Q: 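My questions all concern the structure below.
Everything numeric in this text was worked out from a predicted model, so none of it was measured.
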Amino acid sequence: FFFKQKTAYEITVWLEFRRVLFRSHPSKFPRALIQTYSSTVTEYMDAVLSSFDFPYTAKVNETFGIDVFNQDGLQLPAISGGQQVMVGFSLRLALHNMFVGAFPFMIVDEGSYGLTAENSKKYFEIIQSLNKDSKFKQVIVIDHHSELSDYVDNTINLWAQKQELA
């Protein structure tokens, strides 16, 4: 980790991460990391989820699992596949946002899978904002939706040619 051109927040996060890492025995490291950063990850996840048509909140629990709650604060036993995609995408963005200094690129594979047309559009808008975010040097998206090309700078289309068997 280099301190060149880092914000005070990024430096603070990194120093806290190092403090937790070197204070902890290896078997305690994951729990200490979760306890230290779960609220930050939860806040960022909820900010991303609010961009979607997602009427729930998500919280990182002690085992680094994700619990989803309704507007009354009751934990949901399950959510739909598309909602799982939104929660997973928001978690990846939250974690990546914390460590973007070390990993200035992001790869998203099939992030719109299972989303409604409205949420797919919102997903594309988030990708577009990541692309414009100065923290990321490169955002690579693998997706089957041709509409994504309206939200990114460059596209590469891959088509498999059929081969006839003799």
Side-chain angles (χ1 to χ4, degrees), residues 7-10 12-14 16-17 19-21 24 28-153 155:
T7 66
Y9 174 76
E10 290 171 315
T12 302
V13 167
W14 177 250
E16 180 64 17
F17 175 78
R19 184 184 65 76
V20 169
L21 175 65
S24 303
K28 296 179 184 176
F29 171 67
R31 179 174 292 287
L33 181 66
I34 292 164
Q35 290 171 342
T36 302
Y37 294 106
S38 65
S39 64
T40 302
V41 171
T42 295
E43 288 173 23
Y44 193 88
M45 279 178 50
D46 280 339
V48 172
L49 288 171
S50 70
S51 301
F52 291 105
D53 180 24
F54 190 79
Y56 311 116
T57 58
K59 182 178 185 221
V60 179
N61 64 30
E62 290 179 1
T63 62
F64 211 53
I66 307 298
D67 296 327
V68 179
F69 300 89
N70 68 13
Q71 295 164 338
D72 296 326
L74 299 174
Q75 185 174 348
L76 301 177
I79 56 177
S80 73
Q83 291 171 332
Q84 290 176 18
V85 169
M86 288 185 275
V87 170
F89 180 65
S90 68
L91 175 62
R92 283 178 287 190
L93 286 177
L95 293 172
H96 197 84
N97 189 56
M98 290 178 63
F99 300 107
V100 72
F103 305 102
F105 64 93
M106 183 169 191
I107 300 173
V108 181
D109 186 16
E110 297 295 338
S112 65
Y113 176 78
L115 299 182
T116 63
E118 181 180 332
N119 280 326
S120 289
K121 184 178 186 312
K122 291 175 183 181
Y123 159 76
F124 298 150
E125 290 168 355
I126 292 170
I127 293 296
Q128 185 177 43
S129 71
L130 291 177
N131 194 29
K132 293 180 179 179
D133 188 342
S134 62
K135 292 184 215 174
F136 295 97
K137 294 184 188 222
Q138 187 75 47
V139 178
I140 299 170
V141 181
I142 299 135
D143 207 294
H144 287 91
H145 284 91
S146 60
E147 303 94 322
L148 182 61
S149 63
D150 297 334
Y151 296 87
V152 297
D153 293 334
T155 60

Q: Looking at residues at least two apart in the chain, or sitting in another chain, which of them share a side-chain hydrogen bond (donor to acceptor under 3.5 Å, both in side chains) with Glu125?
A: Lys121

Q: Might you work through the side chain to side chain contact (heavy atoms under 4.5 Å, CB included) test for Val87 and Leu91, ending with a clear yes or no?
A: CA-CA 6 Å; Val87 170; Leu91 175 62; 5.5 Å; no

Q: Ignoring hydrogens, what is the shortest heavy-atom contact between Gly111 and Val85? Give both atom names and the distance.
A: O-CG1, 3.2 Å

Q: Measure across Met45 and Ala94 and return the closest heavy-atom pair with its distance rounded to 0.1 Å.
A: CG-CB, 4.0 Å

Q: Considering only distance and modelled atom types, tabulate donor-acceptor pairs under 3.5 Å from the side chains of residues 72-80, sequence neighbours left out.
A:
unit_1, atom_1, unit_2, atom_2, d
Gln75, NE2, Asp67, OD1, 3.1
Ser80, OG, Gln83, N, 3.2
Ser80, OG, Gln83, OE1, 3.4

Q: Please walk me through it: do Ile127 and Val152 pass side chain to side chain contact (heavy atoms under 4.5 Å, CB included)?
A: CA-CA 8 Å; Ile127 293 296; Val152 297; 4.0 Å; yes

Q: To the nearest 0.5 Å, how far apart are CD1 in Ile107 and CD1 in Ile142?
A: 6.5 Å

Q: Check whether Thr42 reaches the backbone of Ser39 with its side chain - one donor and one acceptor, N or O, closer than 3.5 Å.
A: no

Q: Evaluate side chain to side chain contact (heavy atoms under 4.5 Å, CB included) for Val60 paired with Ile66, printing each intermediate quantity in order.
A: CA-CA 5 Å; Val60 179; Ile66 307 298; 4.0 Å; yes

Q: With sequence neighbours left out, write down each residue that passes side chain to side chain contact (heavy atoms under 4.5 Å, CB included) with Asp150, or none if nothing qualifies.
A: none

Q: Apply side chain to side chain contact (heavy atoms under 4.5 Å, CB included) to Val139 and list each qualifying residue two or more places apart in sequence or on a separate chain.
A: Leu130, Phe136, Val141

Q: Specify the closest pair of heavy atoms between Asp46 and Ala58, including all atoms of both residues, with the distance to one decimal.
A: OD1-N, 2.9 Å

Q: Under the ring pair (Phe, Tyr, Trp, His ring centres under 6.0 Å) test, which residues partner Phe54, sequence neighbours left out?
A: Tyr56

Q: At their closest point, which heavy atom of Ser51 faces which heavy atom of Ile126, and how far apart are they?
A: CB-CD1, 3.9 Å

Q: Once side chain to side chain contact (heavy atoms under 4.5 Å, CB included) is applied, do any residues pair with Ser112, and if so which ones, sequence neighbours excluded?
A: Leu115, Ser120, Tyr123, Phe124, Asp143, His145

Q: So which pairs with a foot in residues 94-119 pass salt bridge (Lys or Arg N to Asp or Glu O under 4.0 Å), sequence neighbours left out?
A: Glu118-Lys122

Q: Would you say that Phe89 contacts Leu93 through its side chain, given a criterion of any heavy-atom pair below 4.5 Å between the two side chains?
A: yes

Q: Can you list the residues that meet the side chain to side chain contact (heavy atoms under 4.5 Å, CB included) rule with Ser50, with sequence neighbours excluded?
A: none

Q: Gln84: which residues meet the side-chain hydrogen bond (donor to acceptor under 3.5 Å, both in side chains) condition with it, sequence neighbours left out?
A: none

Q: Under 6.0 Å from the OH atom of Tyr151, do we count more than 12 heavy atoms belonging to anything else shown?
A: yes

Q: Let's go through Phe105 and Ile140 carefully: what are the C-alpha distance in whole Å and the side-chain angles of both, what is the deciding distance for side chain to side chain contact (heavy atoms under 4.5 Å, CB included) to 0.1 Å, and is it a yes or a no?
A: CA-CA 8 Å; Phe105 64 93; Ile140 299 170; 5.7 Å; no

